[in-house]
Amino acid sequence: GANGCDGFPKIKVAIVGGGLVGTLSACYFAKRGHEVHLYELRPDIRELEHVPGRSINLALSVRGRAALKEVGLEEQLVQRHGIPMYARMIHELDGSTRSIPYGKKDQCIYSVGRRFLNESLLTAAEKYPNVHCHFNQKLVSANLKQGQMTFERQPSKEIEQVEAQLVVGADGAFSSVRKQMMKQPLCDFSQTYIPHGYLELCIPALSDGTHAMPKNYLHIWPRGRFMMIALPNQDASWTVTLFMPFDEFGKLDTPQRLLAFFKEHFPDAVPLIGEEKLVSDFFACKPSPLVSVKCGPYNIGDTALIIGDAAHAMVPFYGQGMNAGFEDCRLLDAVLLKHKFDVGPALKEFSTTRRPDAEAICGLAMYNYVEMRDLVNRKSFLIRKKVDSLLHSLMPNLWIPLYTSVTFSHMPYAQCIKNKEWQDKILDRALTLMAASLVAFAAFFFYNATY
Ligand SMILES: Cc1cc2nc3c(=O)[nH]c(=O)nc-3n(C[C@H](O)[C@H](O)[C@H](O)COP(=O)(O)OP(=O)(O)OC[C@H]3O[C@@H](n4cnc5c(N)ncnc54)[C@H](O)[C@@H]3O)c2cc1C
Ligand SMILES: Cc1cnn(-c2ccc(OCc3ccccc3)c(C(=O)O)c2)c1-c1ccc(Cl)c(F)c1
């Protein structure tokens, strides 16, 4: 393509998927002066009416914030609208709560509205004159080596052929671009559904418009096979997510069974949600499945690439999916710049370097899922977190808890695992040493006392 004022070639980019990652990626490409066409299956969500109490929120941490910052959106989207969560608040079965800070004062994660984020990113992308949004357009097939795409307009089914120099698939966990990529030889793909599903509930604001629980916390009800979390919303309501095996959801098939279940496992949440609202919201929609997708390589030559959930969908037990997808956008821009927008080598490097990190966070999210599901004794949740925070406060640069390295640093995800393994080895050696010296001391003491 032609070279722009910065001397770099300008290309026509088609981004498939106008979700969180596709819209952010559109901002990155537009900022570099490329011609961007964003194709989204759904209608323009900004035109849909807002259903109160149906807002879904997400935890945004440093990786996602850094990506927003580079396109000048962190202040507007996070500082002004995000709600900081400085600690996790654990709800025990007896209704007591304990909080453990995530770190020092500035170490917080933000609760942000998914729809607010998606609408804001769409509006930010559209501000660029070189961005063109096409809604109600579903990618149905493509010849990715030629940069050719076939869209089906919804609901008329009218076919539209589109060409671009670069196709970016940001079309989510069930990506159509990825499906087309998988027709090529040497493309790996694996997906895993877990037995747990999830369902969103809502804790409404109090009548005086304030939050019904302490506001700046990520509330967690760890119950082993059942887990529930609540993140705060700007309107003083809470979005509650209940994670439970599908066969357990199936047993809650009457209001009586549902209420008995909640009174047994989440007694303090029942008055907060309200019994009627709990019944109506619970039966309003079915639980959704959770899938983990790994695949690779992420590119085909210099004409196609997948990012976000399309490349690495993960179970949500680390709150990193969107953060990882946003980090994809930032790293892709950096590697394109490094290669002066010589797209072929840049995409190859992006795929080679990003894939191990993306697969690491997919693994860590699944690890957390297993850990939290098997956390039968709630005490160990607290003990582990307290041990981690104590060691981290004693040796901040040496002992970085896994959760801290993932959530509060830019350490490549694969390195977070190495860091954790190294620490586990140190901890094992220290504990073994302590045990051995205790035995030696006891033997010495016994010997002296006896002879
Ligand atoms: C219960 C739950 C909780 C989560 N909590 C967090 C959290 O706290 N923090 C966090 O960082 N992440 C979280 N995530 C993960 C996060 O939601 C995803 O990682 C993120 O939405 C991925 O964004 P994306 O743009 O890649 O995909 P998506 O958000 O799925 O967007 C894909 C877009 O592509 C469009 N599309 C799909 N197919 C086509 C097609 N054929 N043609 C055109 N358009 C198409 C879709 O309409 C959609 O708009 C959570 C996920 C779940 C399920
Ligand atoms: C959305 C979001 C953002 N971060 N986290 C998160 C995840 C895990 C955590 O610890 C895991 C652990 C606890 C105890 C032992 C090992 C690991 C912590 C923490 O330490 O506070 C926070 C979540 C989240 C998402 C789903 C569920 Cl079900 C959940 F509980 C929390």
Side-chain angles (χ1 to χ4, degrees), residues 15-25 38-42 45 56-61 63-64 85 87-90 100 102 109-112 114 117-118 121 134-142 149 151-152 154 169-180 196-200 217-223 226-229 231 239 241-243 288-291 306-329 364-365 367-375 378 380-385 388-389 401-404 406-407:
I15 298 175
V16 181
L20 297 172
V21 175
T23 48
L24 180 61
S25 186
L38 184 67
Y39 293 92
E40 167 54 43
L41 158 69
R42 297 172 300 173
I45 52 173
I56 296 174
N57 49 23
L58 306 129
L60 179 69
S61 38
R63 295 171 198 264
M85 300 181 284
R88 68 280 274 185
M89 182 162 274
I90 311 303
I100 309 169
Y102 279 116
I109 52 181
Y110 287 87
S111 174
V112 288
R114 176 190 289 273
L117 213 43
N118 207 161
L121 285 165
H134 310 269
F135 296 104
N136 306 301
Q137 293 281 17
K138 177 180 182 182
L139 183 82
V140 289
S141 75
M149 295 149 283
F151 287 96
E152 185 185 77
Q154 305 301 307
D171 47 347
F174 306 101
S175 163
S176 298
V177 175
R178 187 184 64 229
K179 279 190 194 90
Q180 296 297 327
H196 278 66
Y198 73 93
L199 185 115
E200 271 112 8
Y217 294 85
L218 198 170
H219 292 259
I220 302 179
W221 289 259
R223 299 287 186 273
F226 315 132
M227 308 164 223
M228 194 160 79
I229 58 173
L231 275 67
T239 300
T241 309
L242 172 63
F243 297 95
S288 304
L290 291 167
V291 71
I306 45 178
I307 56 175
D309 275 16
H312 44 68
M314 61 197 78
V315 291
F317 297 94
Y318 236 117
Q320 279 297 313
M322 162 189 61
N323 284 285
F326 281 7
E327 190 174 60
D328 287 351
C329 297
L364 283 171
Y367 166 85
N368 252 8
Y369 162 64
V370 173
E371 278 284 285
M372 298 175 82
R373 187 193 60 190
D374 302 347
L375 215 55
R378 254 91 55 213
S380 52
F381 184 106
L382 288 171
I383 292 167
R384 291 183 55 145
K385 293 298 170 188
D388 263 348
S389 346
L402 178 60
Y403 186 80
T404 307
V406 167
T407 311

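Remember, it's 1-based here, ligands and their atoms both numbered in the order they're listed.
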Can you find a pair of side-chain heavy atoms, one from L364 and one from L402, that are under 4.5 Å apart?
yes
What I want to know is whether E371 and ligand 2 share at least one N or O pair that is separated by under 3.5 angstrom.
no
Is T241 close to ligand 1, meaning an N/O of one under 3.5 Å from an N/O of the other?
no
Aromatic contact, Y403 with Y318 (centres under 6.0 Å)
yes
Atom 36 (N) of ligand 1: nearest protein contact (heavy atom, Å):
D171 CB, 3.8 Å
Q320 and S61: side chain donor to acceptor below 3.5 Å
yes
For M227, take its heavy atoms, then give the atoms of ligand 2 lying under 4.0 Å from any of them.
28 (Cl)
Could you tell me, atom by atom, which parts of ligand 2 come under 4.0 Å of a heavy atom of I220?
21 (O), 30 (F)
N or O contact, N368 vs ligand 2, cut-off under 3.5 Å
no
Just verifying a value: how many Å separate L38 CG and T23 OG1, rounded to the nearest 0.5 Å?
7.0 Å
Nearest protein heavy-atom contact for atom 44 (N) of ligand 1: which residue, which atom, what distance?
L41 N, 3.2 Å
Are side-chain heavy atoms of Y102 and R88 found at a separation under 4.5 Å?
yes
Could you check whether any heavy atom of G325 sits closer than 4.0 Å to an atom of ligand 1, since that is the contact criterion I want to use?
no
Any heavy-atom pair between the side chains of I109 and T407 that's under 4.5 Å?
yes
Quick look: M228 vs ligand 2, heavy-atom contacts under 4.0 Å, and the answer is neither
Please check: side-chain N/O of D171 versus main-chain N/O of L41, any donor-acceptor pairing under 3.5 Å?
no
V21 to ligand 1: N or O pair under 3.5 Å?
yes
Under 3.5 Å between some N or O of ligand 1 and some N or O of D309?
yes
Shortest heavy-atom approach to atom 4 (N) of ligand 2 - which of Y403, Y318, W221
Y403
Using heavy-atom distances, let me know which of M322, E40, E327 sits nearest atom 12 (N) of ligand 1.
M322
Are any of the N or O atoms of A59 closer than 3.5 Å to those of ligand 1?
yes
How about L231 and M85: do any of their side-chain heavy atoms sit closer than 4.5 Å?
yes
Is it the case that over 12 heavy atoms from other parts of the model lie below 6.0 angstrom from the NZ atom of K138?
no
Y217 atom OH, over 12 foreign heavy atoms within 6.0 Å:
no
Which of the numbered atoms in ligand 2 are under 4.0 angstrom from any heavy atom belonging to P316?
25 (C), 26 (C)
Quick check: do Y198 and L242 have side-chain heavy atoms less than 4.5 Å from each other?
no
If you measure every N/O of L139 against every N/O of ligand 1, is any gap under 3.5 Å?
yes
Please confirm whether R114 comes under 4.0 Å of ligand 1, counting heavy atoms of the residue only.
yes
How are the rings of F317 and H196 set relative to one another: parallel (under 30°), tilted (30 to 60°) or perpendicular (over 60°)?
perpendicular
Test item: Q137 and E40 side chains (from C-beta on) under 4.5 Å apart, heavy atoms
no
Can you tell which part of L58 has a heavy atom less than 4.0 Å from ligand 2: side chain, backbone, both or neither?
neither
Test your reading of the structure: does G319 have an N or O sitting under 3.5 Å from an N or O of ligand 1?
yes
Any L290 side-chain heavy atom under 4.5 Å of F243 side chain:
yes
Using a heavy-atom cut-off of under 4.0 Å, does the side chain or the backbone of S176 touch ligand 1, or both, or neither?
side chain
Per-residue contact class, F317 against ligand 2 - non-hydrogen pairs under 4.0 Å
both
Is there a heavy atom of Y369 sitting under 4.0 angstrom from any atom of ligand 2?
no
Counting only heavy atoms, tell me which of G17, S175, A173 gets closest to atom 34 (O) of ligand 1.
G17
Which is it for A170 and ligand 1 at heavy atoms under 4.0 Å: side chain, backbone, both or neither?
backbone
